[in-house]
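Encoded as C-alpha coordinates, the structure appears first; notes follow it.
Here is the naming used below: chain letters follow the sequence lines, and residue numbers restart at 1 for every chain.
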Amino acid sequence: MPLRVYNTLTRQKEDFQTVTPGRVTMYLCGPTVYKPSHIGHMVGPVIFDTVKRYLSYSGYGVTFVVNITDVDDKIIGEATKRNTTMAAVAKEIEQDYFDNLKVMGVDSIDHFPRATEHIQGMLDIIGTLVEKGYAYPLNGDVYFDCTKDDDYGKLSRRSIEEMLAGTRVEANDRKRSPADFALWKGSKPGEPCWESPWGPGRPGWHIECSAMAKKLLGESIDIHGGGLDLMFPHHENELAQSESCSGKPFARYWMHNGLMQSSGQAGKVGGQHDRHGDLLAEKQQQEAAKISKSTGAGSFKDLLKSHAPETVRFFLLATHYRSPIDFSDERLQETAKSLEGFHRLFKTYERIAGTSFFAITPAATRTEAQESPSLGLPAFQEELSSLRQRFLDAMDDDFNTGGAVGVLFDLRKTLNGFIAEQKLETGSPKPEAVAALTAGMTVLKELSNLLGVFRVAPAKAAAADDGLVNGLMELVIQIRADARKNKNFAVSDLIRDQLKALKITLEDRPEKTLWRRG
RNA sequence: GGCUCCGUAGCCAAGUGGCUAAGGCAGUGGAUUGCAAAUCCACCAUCCCCGGUUCGAAUCCGGGCGGAGCCUCCA
(Lines give C-alpha, C1' and ligand atoms only; values in the text may rest on other atoms or scores of the structure.)
Protein backbone atom coordinates (compact mmCIF):
# COMPACT_ATOMS: atom_id res chain seq x y z
CA MET A 1 0.00 0.00 0.00
CA PRO A 2 1.48 3.34 -0.99
CA LEU A 3 1.61 6.21 1.45
CA ARG A 4 -1.44 8.42 1.29
CA VAL A 5 -1.67 11.88 2.78
CA TYR A 6 -4.69 14.08 3.39
CA ASN A 7 -4.19 17.39 1.66
CA THR A 8 -6.13 20.37 2.98
CA LEU A 9 -5.77 21.96 -0.44
CA THR A 10 -7.87 19.28 -2.11
CA ARG A 11 -9.69 17.97 0.98
CA GLN A 12 -8.79 14.43 0.07
CA LYS A 13 -6.20 11.78 0.68
CA GLU A 14 -3.69 11.70 -2.14
CA ASP A 15 -0.86 9.39 -3.07
CA PHE A 16 2.33 10.84 -1.69
CA GLN A 17 4.67 12.11 -4.37
CA THR A 18 7.47 14.50 -3.68
CA VAL A 19 8.90 17.29 -5.78
CA THR A 20 12.25 15.52 -5.89
CA PRO A 21 12.06 11.72 -5.84
CA GLY A 22 13.36 10.25 -2.61
CA ARG A 23 13.50 13.61 -0.84
CA VAL A 24 10.98 15.38 1.36
CA THR A 25 10.97 18.99 2.47
CA MET A 26 8.77 19.80 5.47
CA TYR A 27 7.94 23.14 7.02
CA LEU A 28 6.00 23.49 10.24
CA CYS A 29 4.81 26.77 11.69
CA GLY A 30 6.46 27.15 15.06
CA PRO A 31 5.68 29.34 18.03
CA THR A 32 5.59 33.04 18.57
CA VAL A 33 7.89 33.21 21.54
CA TYR A 34 6.12 35.47 24.00
CA LYS A 35 4.83 33.02 26.61
CA PRO A 36 5.98 29.62 27.89
CA SER A 37 4.56 26.67 25.95
CA HIS A 38 1.37 24.98 26.99
CA ILE A 39 0.47 21.48 25.86
CA GLY A 40 -1.14 22.81 22.67
CA HIS A 41 2.25 23.94 21.44
CA MET A 42 3.53 20.38 21.59
CA VAL A 43 0.85 18.86 19.40
CA GLY A 44 2.28 19.93 16.04
CA PRO A 45 5.92 19.17 16.84
CA VAL A 46 5.10 15.69 18.16
CA ILE A 47 2.92 14.86 15.18
CA PHE A 48 5.31 16.12 12.55
CA ASP A 49 8.29 14.60 14.34
CA THR A 50 6.43 11.32 13.97
CA VAL A 51 5.70 12.07 10.32
CA LYS A 52 9.39 12.64 9.70
CA ARG A 53 10.33 9.45 11.52
CA TYR A 54 7.96 7.50 9.35
CA LEU A 55 9.10 9.12 6.12
CA SER A 56 12.74 8.44 6.99
CA TYR A 57 11.87 4.85 7.83
CA SER A 58 10.11 4.62 4.47
CA GLY A 59 13.35 5.55 2.77
CA TYR A 60 13.07 9.29 2.19
CA GLY A 61 15.74 11.83 2.99
CA VAL A 62 13.80 14.43 4.94
CA THR A 63 14.60 18.05 5.76
CA PHE A 64 12.37 19.42 8.50
CA VAL A 65 12.17 23.10 9.36
CA VAL A 66 10.32 24.74 12.26
CA ASN A 67 10.42 28.50 12.49
CA ILE A 68 10.69 30.67 15.56
CA THR A 69 8.71 33.89 15.36
CA ASP A 70 10.81 36.25 17.42
CA VAL A 71 9.39 39.54 16.22
CA ASP A 72 5.75 40.23 16.86
CA ASP A 73 3.40 42.68 18.55
CA LYS A 74 2.73 40.25 21.37
CA ILE A 75 6.41 39.84 22.16
CA ILE A 76 6.78 43.60 22.13
CA GLY A 77 3.80 43.84 24.46
CA GLU A 78 5.27 41.28 26.82
CA ALA A 79 8.64 43.07 26.79
CA THR A 80 7.00 46.38 27.62
CA LYS A 81 5.08 44.78 30.45
CA ARG A 82 8.25 43.28 31.88
CA ASN A 83 10.33 46.35 31.17
CA THR A 84 12.82 44.46 29.05
CA THR A 85 13.59 44.00 25.36
CA MET A 86 11.82 41.99 22.71
CA ALA A 87 15.02 40.05 22.10
CA ALA A 88 15.33 39.11 25.77
CA VAL A 89 11.77 37.82 25.97
CA ALA A 90 12.17 35.93 22.70
CA LYS A 91 15.37 34.28 23.80
CA GLU A 92 13.97 33.17 27.13
CA ILE A 93 10.77 31.74 25.67
CA GLU A 94 12.57 30.11 22.81
CA GLN A 95 14.68 28.23 25.35
CA ASP A 96 11.56 27.10 27.14
CA TYR A 97 10.25 25.78 23.83
CA PHE A 98 13.49 23.94 23.07
CA ASP A 99 13.51 22.39 26.54
CA ASN A 100 10.00 21.10 26.01
CA LEU A 101 10.74 19.66 22.58
CA LYS A 102 13.74 17.86 23.96
CA VAL A 103 11.88 16.27 26.81
CA MET A 104 9.13 15.20 24.41
CA GLY A 105 11.67 13.42 22.25
CA VAL A 106 11.18 15.79 19.32
CA ASP A 107 14.70 15.70 17.94
CA SER A 108 14.20 15.38 14.21
CA ILE A 109 13.98 19.08 13.38
CA ASP A 110 16.87 20.14 11.18
CA HIS A 111 16.57 23.91 11.30
CA PHE A 112 14.98 26.45 13.63
CA PRO A 113 15.22 29.67 11.63
CA ARG A 114 14.43 32.88 13.51
CA ALA A 115 12.41 35.55 11.79
CA THR A 116 14.84 38.29 12.79
CA GLU A 117 17.64 36.48 11.01
CA HIS A 118 15.81 36.47 7.70
CA ILE A 119 14.67 40.06 7.32
CA GLN A 120 16.56 40.51 4.07
CA GLY A 121 14.87 37.47 2.54
CA MET A 122 11.51 38.96 3.45
CA LEU A 123 12.42 42.35 1.99
CA ASP A 124 13.41 40.60 -1.24
CA ILE A 125 10.05 38.89 -1.52
CA ILE A 126 8.17 42.07 -0.67
CA GLY A 127 10.21 43.92 -3.28
CA THR A 128 9.33 41.36 -5.93
CA LEU A 129 5.65 41.49 -4.99
CA VAL A 130 5.59 45.28 -5.25
CA GLU A 131 7.39 45.07 -8.58
CA LYS A 132 4.96 42.52 -9.92
CA GLY A 133 2.01 44.60 -8.77
CA TYR A 134 0.82 42.18 -6.10
CA ALA A 135 1.63 44.57 -3.29
CA TYR A 136 1.46 48.31 -2.65
CA PRO A 137 3.20 50.59 -0.16
CA LEU A 138 1.05 52.80 2.00
CA ASN A 139 2.43 55.28 4.52
CA GLY A 140 5.38 53.19 5.53
CA ASP A 141 3.44 49.91 5.44
CA VAL A 142 3.31 47.49 2.54
CA TYR A 143 0.16 45.51 1.85
CA PHE A 144 -0.58 42.46 -0.22
CA ASP A 145 -3.39 43.10 -2.66
CA CYS A 146 -5.65 40.08 -2.42
CA THR A 147 -7.72 41.09 -5.42
CA LYS A 148 -4.65 40.74 -7.66
CA ASP A 149 -4.30 37.10 -6.72
CA ASP A 150 -6.78 35.13 -8.81
CA ASP A 151 -6.89 32.03 -6.66
CA TYR A 152 -6.75 33.78 -3.29
CA GLY A 153 -8.73 31.75 -0.78
CA LYS A 154 -8.14 28.34 -2.33
CA LEU A 155 -6.71 26.79 0.80
CA SER A 156 -9.40 27.78 3.28
CA ARG A 157 -12.05 27.78 0.55
CA ARG A 158 -13.43 31.19 1.08
CA SER A 159 -13.86 34.10 -1.25
CA ILE A 160 -12.95 37.64 -0.45
CA GLU A 161 -16.61 38.68 -0.68
CA GLU A 162 -17.68 36.00 1.79
CA MET A 163 -15.03 37.02 4.23
CA LEU A 164 -15.94 40.65 4.13
CA ALA A 165 -19.60 39.85 4.67
CA GLY A 166 -18.95 38.50 8.12
CA THR A 167 -16.27 40.89 9.23
CA ARG A 168 -16.45 44.35 10.64
CA VAL A 169 -14.46 46.73 8.53
CA GLU A 170 -12.20 49.00 10.49
CA ALA A 171 -13.19 52.54 9.60
CA ASN A 172 -9.75 54.05 9.87
CA ASP A 173 -8.14 51.53 7.57
CA ARG A 174 -6.90 52.87 4.30
CA LYS A 175 -6.05 49.54 2.78
CA ARG A 176 -7.51 49.11 -0.71
CA SER A 177 -9.49 46.16 0.47
CA PRO A 178 -10.08 45.10 4.06
CA ALA A 179 -8.89 41.63 3.08
CA ASP A 180 -5.43 42.95 2.22
CA PHE A 181 -2.82 42.11 4.79
CA ALA A 182 0.44 43.69 5.88
CA LEU A 183 3.72 42.42 4.47
CA TRP A 184 5.65 45.18 6.19
CA LYS A 185 4.59 47.38 9.07
CA GLY A 186 6.11 50.80 9.54
CA SER A 187 7.32 51.17 13.11
CA LYS A 188 6.44 53.76 15.67
CA PRO A 189 9.27 55.45 17.52
CA GLY A 190 10.83 53.21 20.15
CA GLU A 191 9.67 49.97 18.57
CA PRO A 192 12.13 47.40 17.25
CA CYS A 193 12.69 48.08 13.57
CA TRP A 194 14.73 47.34 10.47
CA GLU A 195 15.55 49.57 7.54
CA SER A 196 13.66 48.96 4.33
CA PRO A 197 12.99 50.68 1.00
CA TRP A 198 9.66 51.75 2.52
CA GLY A 199 11.13 53.14 5.70
CA PRO A 200 11.93 51.58 9.07
CA GLY A 201 9.60 48.86 10.20
CA ARG A 202 9.12 45.21 10.94
CA PRO A 203 7.73 42.28 8.96
CA GLY A 204 4.11 41.23 8.88
CA TRP A 205 3.22 37.89 10.40
CA HIS A 206 3.01 35.75 7.29
CA ILE A 207 6.01 36.90 5.29
CA GLU A 208 8.59 35.26 7.53
CA CYS A 209 7.39 31.77 6.73
CA SER A 210 7.47 32.48 3.01
CA ALA A 211 11.02 33.78 3.26
CA MET A 212 12.41 31.06 5.50
CA ALA A 213 10.74 28.20 3.64
CA LYS A 214 12.14 29.56 0.40
CA LYS A 215 15.61 30.03 1.81
CA LEU A 216 15.93 26.67 3.52
CA LEU A 217 13.70 24.40 1.45
CA GLY A 218 13.19 26.08 -1.92
CA GLU A 219 10.29 27.66 -3.75
CA SER A 220 8.20 24.47 -3.84
CA ILE A 221 8.10 22.39 -0.70
CA ASP A 222 6.50 19.01 -0.13
CA ILE A 223 4.73 19.28 3.21
CA HIS A 224 3.56 22.37 5.00
CA GLY A 225 2.15 21.74 8.44
CA GLY A 226 0.51 23.64 11.23
CA GLY A 227 -2.46 23.83 13.52
CA LEU A 228 -5.92 24.01 12.01
CA ASP A 229 -6.27 27.49 13.46
CA LEU A 230 -3.50 28.71 11.19
CA MET A 231 -5.21 27.69 7.99
CA PHE A 232 -6.79 31.10 7.82
CA PRO A 233 -5.47 33.70 7.61
CA HIS A 234 -1.87 32.68 8.14
CA HIS A 235 -1.42 29.84 5.66
CA GLU A 236 -3.77 31.34 3.12
CA ASN A 237 -1.72 34.53 3.07
CA GLU A 238 1.58 32.73 3.16
CA LEU A 239 0.53 30.67 0.18
CA ALA A 240 -0.75 33.73 -1.69
CA GLN A 241 2.42 35.75 -1.27
CA SER A 242 4.78 32.83 -1.97
CA GLU A 243 3.05 31.76 -5.15
CA SER A 244 2.57 35.31 -6.36
CA CYS A 245 6.27 35.87 -5.87
CA SER A 246 7.62 32.69 -7.41
CA GLY A 247 4.88 31.76 -9.84
CA LYS A 248 5.24 28.17 -8.65
CA PRO A 249 3.14 25.97 -6.39
CA PHE A 250 4.27 26.69 -2.83
CA ALA A 251 3.46 23.44 -1.04
CA ARG A 252 2.30 20.10 -2.39
CA TYR A 253 0.62 18.89 0.76
CA TRP A 254 -0.90 21.08 3.41
CA MET A 255 -1.34 19.12 6.62
CA HIS A 256 -3.33 20.60 9.48
CA ASN A 257 -3.48 19.07 12.91
CA GLY A 258 -6.53 19.28 15.14
CA LEU A 259 -6.38 21.45 18.21
CA MET A 260 -6.09 20.53 21.84
CA GLN A 261 -9.26 21.40 23.68
CA SER A 262 -10.08 21.66 27.31
CA SER A 263 -12.32 18.90 28.51
CA GLY A 264 -15.77 20.10 29.39
CA GLN A 265 -15.05 23.63 28.25
CA ALA A 266 -15.60 25.47 25.04
CA GLY A 267 -12.56 26.56 23.12
CA LYS A 268 -9.10 25.32 22.50
CA VAL A 269 -6.39 25.21 25.08
CA GLY A 270 -4.67 28.54 25.52
CA GLY A 271 -7.12 30.26 23.22
CA GLN A 272 -9.80 32.40 24.74
CA HIS A 273 -8.18 32.31 28.14
CA ASP A 274 -5.16 34.16 26.92
CA ARG A 275 -6.88 36.49 24.57
CA HIS A 276 -8.72 38.39 27.22
CA GLY A 277 -6.24 37.64 29.91
CA ASP A 278 -5.08 41.19 30.16
CA LEU A 279 -8.58 42.43 30.73
CA LEU A 280 -9.25 40.20 33.68
CA ALA A 281 -8.96 41.55 37.14
CA GLU A 282 -5.98 40.22 39.02
CA LYS A 283 -8.18 38.13 41.25
CA GLN A 284 -9.81 36.50 38.27
CA GLN A 285 -6.41 35.80 36.81
CA GLN A 286 -5.42 33.90 39.90
CA GLU A 287 -8.60 31.93 39.63
CA ALA A 288 -7.89 31.21 35.98
CA ALA A 289 -4.41 30.00 36.82
CA LYS A 290 -5.87 27.56 39.29
CA ILE A 291 -8.27 26.20 36.73
CA SER A 292 -5.60 26.00 34.08
CA LYS A 293 -3.94 23.08 35.79
CA SER A 294 -6.86 20.88 34.92
CA THR A 295 -7.64 22.39 31.53
CA GLY A 296 -4.15 22.14 30.13
CA ALA A 297 -3.81 25.87 29.65
CA GLY A 298 -1.06 26.00 32.24
CA SER A 299 2.57 25.84 31.25
CA PHE A 300 3.84 22.64 29.78
CA LYS A 301 6.59 22.43 32.34
CA ASP A 302 3.97 22.42 35.07
CA LEU A 303 2.13 19.64 33.34
CA LEU A 304 5.28 17.55 33.35
CA LYS A 305 5.39 17.73 37.11
CA SER A 306 2.48 15.32 37.22
CA HIS A 307 2.84 13.40 33.96
CA ALA A 308 5.73 11.65 32.24
CA PRO A 309 6.63 13.08 28.83
CA GLU A 310 6.16 9.68 27.28
CA THR A 311 2.60 9.56 28.59
CA VAL A 312 1.90 12.90 26.97
CA ARG A 313 3.43 11.82 23.69
CA PHE A 314 1.48 8.59 23.65
CA PHE A 315 -1.69 10.48 24.53
CA LEU A 316 -1.21 12.86 21.61
CA LEU A 317 -0.55 10.05 19.14
CA ALA A 318 -3.42 7.83 20.26
CA THR A 319 -5.84 10.11 18.45
CA HIS A 320 -5.72 10.83 14.74
CA TYR A 321 -3.78 14.03 14.10
CA ARG A 322 -6.63 15.73 12.27
CA SER A 323 -9.08 15.29 15.13
CA PRO A 324 -9.36 17.64 18.05
CA ILE A 325 -8.04 16.16 21.27
CA ASP A 326 -9.87 16.63 24.50
CA PHE A 327 -7.38 17.34 27.24
CA SER A 328 -8.00 16.14 30.74
CA ASP A 329 -5.95 14.98 33.64
CA GLU A 330 -8.01 11.78 33.85
CA ARG A 331 -7.26 10.98 30.22
CA LEU A 332 -3.55 11.30 30.85
CA GLN A 333 -3.76 9.11 33.91
CA GLU A 334 -5.59 6.51 31.90
CA THR A 335 -2.89 6.65 29.25
CA ALA A 336 -0.19 6.22 31.87
CA LYS A 337 -2.01 3.16 33.16
CA SER A 338 -2.20 1.63 29.72
CA LEU A 339 1.57 2.06 29.35
CA GLU A 340 2.42 0.24 32.56
CA GLY A 341 1.90 -3.09 30.88
CA PHE A 342 4.59 -2.25 28.35
CA HIS A 343 7.07 -1.33 31.02
CA ARG A 344 6.36 -4.56 32.88
CA LEU A 345 6.97 -6.43 29.65
CA PHE A 346 10.31 -4.64 29.22
CA LYS A 347 11.35 -5.72 32.72
CA THR A 348 10.20 -9.26 32.10
CA TYR A 349 12.24 -9.33 28.92
CA GLU A 350 15.28 -8.09 30.77
CA ARG A 351 14.94 -10.90 33.32
CA ILE A 352 14.63 -13.49 30.59
CA ALA A 353 17.22 -12.28 28.09
CA GLY A 354 19.57 -10.52 30.47
CA THR A 355 19.68 -7.48 28.20
CA SER A 356 17.66 -4.30 28.17
CA PHE A 357 14.85 -3.66 25.74
CA PHE A 358 16.11 -0.11 25.46
CA ALA A 359 19.47 -1.33 24.18
CA ILE A 360 17.92 -3.03 21.18
CA THR A 361 18.83 -1.43 17.86
CA PRO A 362 16.10 -2.31 15.39
CA ALA A 363 16.05 -1.96 11.64
CA ALA A 364 16.12 1.70 10.64
CA THR A 365 14.22 1.34 7.40
CA ARG A 366 11.28 -0.58 6.12
CA THR A 367 13.34 -2.44 3.55
CA GLU A 368 15.87 -3.48 6.15
CA ALA A 369 13.14 -4.64 8.53
CA GLN A 370 11.64 -7.00 6.02
CA GLU A 371 14.87 -8.93 5.66
CA SER A 372 14.62 -10.59 9.06
CA PRO A 373 16.28 -13.98 9.45
CA SER A 374 14.26 -17.12 10.06
CA LEU A 375 13.42 -17.88 13.68
CA GLY A 376 12.65 -21.54 13.33
CA LEU A 377 9.24 -20.75 14.80
CA PRO A 378 7.22 -20.03 11.66
CA ALA A 379 3.87 -19.40 13.33
CA PHE A 380 5.27 -16.82 15.73
CA GLN A 381 7.35 -15.21 13.04
CA GLU A 382 4.37 -14.96 10.76
CA GLU A 383 2.34 -13.32 13.48
CA LEU A 384 5.08 -10.76 14.01
CA SER A 385 5.21 -9.86 10.33
CA SER A 386 1.47 -9.61 10.14
CA LEU A 387 1.41 -7.23 13.11
CA ARG A 388 4.16 -5.14 11.57
CA GLN A 389 2.22 -5.03 8.33
CA ARG A 390 -0.93 -3.85 10.11
CA PHE A 391 1.05 -1.14 11.85
CA LEU A 392 2.62 0.08 8.61
CA ASP A 393 -0.69 -0.07 6.77
CA ALA A 394 -2.16 2.24 9.39
CA MET A 395 0.76 4.65 9.09
CA ASP A 396 0.57 4.56 5.30
CA ASP A 397 -3.03 5.68 5.58
CA ASP A 398 -2.44 9.34 6.33
CA PHE A 399 -0.25 8.65 9.37
CA ASN A 400 -2.99 6.93 11.33
CA THR A 401 -1.08 6.79 14.58
CA GLY A 402 -4.24 5.89 16.50
CA GLY A 403 -4.61 2.68 14.52
CA ALA A 404 -0.88 2.03 14.85
CA VAL A 405 -1.07 2.40 18.63
CA GLY A 406 -3.76 -0.28 18.67
CA VAL A 407 -1.39 -2.66 16.88
CA LEU A 408 1.26 -1.95 19.50
CA PHE A 409 -1.12 -3.24 22.16
CA ASP A 410 -1.82 -6.33 20.09
CA LEU A 411 1.90 -6.89 19.74
CA ARG A 412 2.26 -6.63 23.51
CA LYS A 413 -0.41 -9.27 23.96
CA THR A 414 1.31 -11.56 21.46
CA LEU A 415 4.66 -11.21 23.21
CA ASN A 416 3.20 -11.82 26.65
CA GLY A 417 1.36 -14.83 25.26
CA PHE A 418 4.58 -16.19 23.78
CA ILE A 419 6.37 -15.78 27.10
CA ALA A 420 3.63 -17.69 28.87
CA GLU A 421 3.28 -20.37 26.23
CA GLN A 422 7.03 -21.02 26.02
CA LYS A 423 7.32 -20.86 29.81
CA LEU A 424 10.19 -18.43 29.41
CA GLU A 425 9.93 -17.22 32.98
CA THR A 426 10.24 -20.61 34.61
CA GLY A 427 13.01 -23.16 34.61
CA SER A 428 15.59 -22.93 31.87
CA PRO A 429 14.04 -21.73 28.65
CA LYS A 430 15.19 -22.94 25.28
CA PRO A 431 17.75 -20.58 23.73
CA GLU A 432 15.89 -20.53 20.41
CA ALA A 433 12.73 -19.45 22.20
CA VAL A 434 14.60 -16.63 23.90
CA ALA A 435 16.05 -15.63 20.54
CA ALA A 436 12.55 -15.60 19.09
CA LEU A 437 11.36 -13.40 21.92
CA THR A 438 14.21 -11.02 21.21
CA ALA A 439 13.14 -10.92 17.58
CA GLY A 440 9.62 -10.02 18.74
CA MET A 441 10.87 -7.36 21.10
CA THR A 442 12.95 -5.98 18.26
CA VAL A 443 9.81 -5.53 16.18
CA LEU A 444 8.20 -3.74 19.11
CA LYS A 445 11.24 -1.48 19.36
CA GLU A 446 11.23 -0.86 15.64
CA LEU A 447 7.58 0.18 15.59
CA SER A 448 7.56 2.16 18.82
CA ASN A 449 10.60 4.07 17.56
CA LEU A 450 8.48 5.25 14.67
CA LEU A 451 6.10 6.83 17.14
CA GLY A 452 9.00 8.10 19.20
CA VAL A 453 7.94 6.22 22.32
CA PHE A 454 9.76 3.71 24.53
CA ARG A 455 13.06 5.13 23.39
CA VAL A 456 14.70 5.28 26.80
CA ALA A 457 14.09 3.64 30.14
CA PRO A 458 11.65 5.69 32.20
CA ALA A 459 13.25 7.98 34.72
CA LYS A 460 13.43 6.17 38.03
CA ALA A 461 11.41 7.48 40.89
CA ALA A 462 14.94 7.44 42.16
CA ALA A 463 16.03 8.99 45.37
CA ALA A 464 19.26 9.05 47.31
CA ASP A 465 17.89 6.38 49.63
CA ASP A 466 17.31 3.91 46.83
CA GLY A 467 20.06 1.65 48.07
CA LEU A 468 18.55 1.58 51.52
CA VAL A 469 15.05 0.89 50.22
CA ASN A 470 16.33 -1.92 48.04
CA GLY A 471 18.15 -3.45 51.01
CA LEU A 472 15.11 -3.20 53.25
CA MET A 473 12.83 -4.67 50.63
CA GLU A 474 15.17 -7.59 50.14
CA LEU A 475 15.06 -8.20 53.87
CA VAL A 476 11.27 -7.95 54.10
CA ILE A 477 10.83 -10.26 51.13
CA GLN A 478 13.20 -12.77 52.69
CA ILE A 479 11.29 -12.76 55.95
CA ARG A 480 8.02 -13.12 54.09
CA ALA A 481 9.41 -15.99 52.00
CA ASP A 482 10.26 -17.87 55.17
CA ALA A 483 6.78 -17.29 56.53
CA ARG A 484 5.27 -18.59 53.31
CA LYS A 485 7.48 -21.63 53.38
CA ASN A 486 6.12 -22.36 56.83
CA LYS A 487 2.58 -21.74 55.59
CA ASN A 488 2.34 -18.82 57.94
CA PHE A 489 0.07 -16.94 55.56
CA ALA A 490 -1.23 -14.61 58.22
CA VAL A 491 2.21 -13.04 58.47
CA SER A 492 2.94 -13.09 54.73
CA ASP A 493 -0.42 -11.51 53.88
CA LEU A 494 -0.02 -8.90 56.57
CA ILE A 495 3.32 -7.87 55.08
CA ARG A 496 1.85 -7.69 51.61
CA ASP A 497 -1.16 -5.68 52.74
CA GLN A 498 0.92 -3.26 54.74
CA LEU A 499 3.27 -2.75 51.81
CA LYS A 500 0.28 -2.14 49.58
CA ALA A 501 -0.72 0.66 51.91
CA LEU A 502 2.75 2.09 51.35
CA LYS A 503 2.14 1.88 47.59
CA ILE A 504 4.42 -1.08 47.10
CA THR A 505 3.08 -4.06 45.18
CA LEU A 506 4.46 -7.57 45.49
CA GLU A 507 4.42 -10.20 42.78
CA ASP A 508 5.08 -13.77 43.88
CA ARG A 509 6.73 -15.49 40.96
CA PRO A 510 7.64 -19.17 40.94
CA GLU A 511 11.32 -18.23 41.14
CA LYS A 512 11.20 -15.26 43.45
CA THR A 513 9.14 -12.36 44.67
CA LEU A 514 9.28 -9.06 42.76
CA TRP A 515 8.30 -5.68 44.10
CA ARG A 516 7.48 -2.35 42.56
CA ARG A 517 6.22 1.05 43.57
CA GLY A 518 2.65 1.88 42.74
C1' G B 1 -24.75 35.21 9.58
C1' G B 2 -20.70 32.80 6.23
C1' C B 3 -16.90 28.79 5.63
C1' U B 4 -15.02 24.06 7.42
C1' C B 5 -15.15 19.66 10.49
C1' C B 6 -17.18 16.09 13.85
C1' G B 7 -21.21 12.69 16.51
C1' U B 8 -18.82 4.63 16.94
C1' A B 9 -19.71 0.44 23.96
C1' G B 10 -19.85 3.40 30.83
C1' C B 11 -15.34 6.55 29.21
C1' C B 12 -11.34 7.31 25.28
C1' A B 13 -10.74 5.72 20.34
C1' A B 14 -9.50 3.11 15.02
C1' G B 15 -12.33 1.93 11.00
C1' U B 16 -15.31 6.04 5.56
C1' G B 17 -19.46 0.70 0.82
C1' G B 18 -19.15 -5.96 1.82
C1' C B 19 -15.29 -11.26 6.27
C1' U B 20 -17.34 -12.20 13.31
C1' A B 21 -17.15 -3.02 13.79
C1' A B 22 -9.36 -2.61 15.98
C1' G B 23 -7.25 -1.25 20.52
C1' G B 24 -7.07 1.12 25.55
C1' C B 25 -9.38 2.26 30.48
C1' A B 26 -13.31 0.44 33.59
C1' G B 27 -16.39 -4.10 34.41
C1' U B 28 -17.80 -9.56 34.44
C1' G B 29 -16.48 -14.93 34.12
C1' G B 30 -12.43 -18.55 33.71
C1' A B 31 -7.08 -20.46 33.74
C1' U B 32 -2.96 -19.63 37.08
C1' U B 33 -1.96 -18.57 42.60
C1' G B 34 -2.13 -20.87 49.54
C1' C B 35 -4.78 -16.11 48.71
C1' A B 36 -3.14 -12.10 45.76
C1' A B 37 -0.25 -9.56 41.95
C1' A B 38 1.23 -10.16 36.96
C1' U B 39 -0.10 -12.79 32.54
C1' C B 40 -3.34 -15.45 29.26
C1' C B 41 -8.47 -16.84 27.52
C1' A B 42 -13.64 -15.44 27.16
C1' C B 43 -17.73 -11.87 27.55
C1' C B 44 -19.14 -6.59 26.99
C1' A B 45 -21.56 -1.70 20.58
C1' U B 46 -25.57 -3.01 14.80
C1' C B 47 -22.19 2.87 14.85
C1' C B 48 -27.05 10.55 17.20
C1' C B 49 -32.27 10.55 14.69
C1' C B 50 -35.33 10.29 10.07
C1' G B 51 -35.54 9.45 4.88
C1' G B 52 -32.96 8.00 0.28
C1' U B 53 -29.19 5.49 -3.17
C1' U B 54 -27.39 0.27 -3.41
C1' C B 55 -27.76 -6.81 -3.97
C1' G B 56 -25.29 -4.64 0.41
C1' A B 57 -23.92 1.54 4.46
C1' A B 58 -21.20 3.18 10.65
C1' U B 59 -19.03 4.29 5.80
C1' C B 60 -22.44 7.69 -0.04
C1' C B 61 -26.76 11.55 -0.63
C1' G B 62 -30.80 14.79 1.66
C1' G B 63 -33.06 16.64 6.14
C1' G B 64 -33.05 17.12 11.52
C1' C B 65 -30.72 17.36 16.41
C1' G B 66 -26.08 18.01 19.11
C1' G B 67 -20.81 19.58 19.44
C1' A B 68 -16.13 21.99 17.70
C1' G B 69 -12.82 25.29 14.81
C1' C B 70 -12.16 29.55 11.63
C1' C B 71 -14.13 34.35 9.72
C1' U B 72 -10.41 38.57 15.33
C1' C B 73 -1.60 38.20 13.87
C1' C B 74 -4.03 31.67 18.62
C1' A B 75 0.05 25.71 17.49
- Message: Could you identify the nucleotide paired to B:C40, looking across every strand shown and requiring Watson-Crick or G-U wobble geometry with both distances under 3.5 Å?
- Response: B:G30
- Base, sugar-phosphate alone, or nothing: which one does A:Pro31 contact when heavy atoms must sit under 4.0 Å apart? sugar-phosphate
- Looking only at side-chain atoms of A:Asn416, point me to the closest of B:C35, B:A75, B:C40. B:C40
- Does B:C25 have a Watson-Crick or wobble mate here (both distances under 3.5 Å), and if so which one? B:G10
- Taking only the side-chain heavy atoms of A:Arg496 (C-beta and beyond), determine which of B:G15, B:A38, B:C35 contains the nearest atom. B:C35
- Query: Can you check the A:Leu408 CG to B:A13 P distance for me, whole Å?
  - Reply: 19 Å
- Query: Okay, side chain of A:Arg4, backbone of A:Glu14: is any donor-acceptor separation there less than 3.5 Å?
  - Reply: no
- Who is the Watson-Crick or G-U wobble partner of B:C3, with both distances under 3.5 Å? B:G69
- Note on the structure: Closest of B:G34, B:U4, B:A14 to the A:Asp493 side chain is B:G34
- Report yes if a side-chain nitrogen or oxygen of A:Arg322 is closer than 4.0 Å to either non-bridging phosphate oxygen (OP1 or OP2) of B:C5; otherwise report no. no
- Protein-proximity profile, nucleotides 24-33 of chain B, B/S/- by nucleotide at the 4.0 Å heavy-atom cutoff, equals BSS-------
- Candidate nucleotides B:A68, B:A75, B:C3, ranked by approach to the side chain of A:Arg157 - the nearest: B:C3
- Kindly point out which of B:C35, B:A38, B:G69 is positioned nearest to the side chain of A:Leu259? B:G69
- Could you pull out all residues at least two apart from A:Asp149 that satisfy salt bridge (Lys or Arg N to Asp or Glu O under 4.0 Å)? none
- Message: Just verifying a value: how many Å separate A:Lys52 NZ and A:Asp110 CG, rounded to the nearest 0.5 Å?
- Response: 3.5 Å
- Message: Give me the distance, rounded to whole Å, that separates B:C25 from B:A37 when you measure between the P atoms they each carry.
- Response: 15 Å
- Electrostatic pair A:Lys301-A:Asp96, nearest N-O below 4.0 angstrom: yes
- Message: Taking atom NZ as the centre, does A:Lys337 end up with more than 12 heavy-atom neighbours from other residues, nucleotides or ligands that are less than 6.0 angstrom away?
- Response: no
- Task: With sequence neighbours left out, write down each residue that passes salt bridge (Lys or Arg N to Asp or Glu O under 4.0 Å) with A:Asp70, or none if nothing qualifies.
- Result: none
- Report yes if a side-chain nitrogen or oxygen of A:Asn400 is closer than 4.0 Å to either non-bridging phosphate oxygen (OP1 or OP2) of B:A14; otherwise report no. no
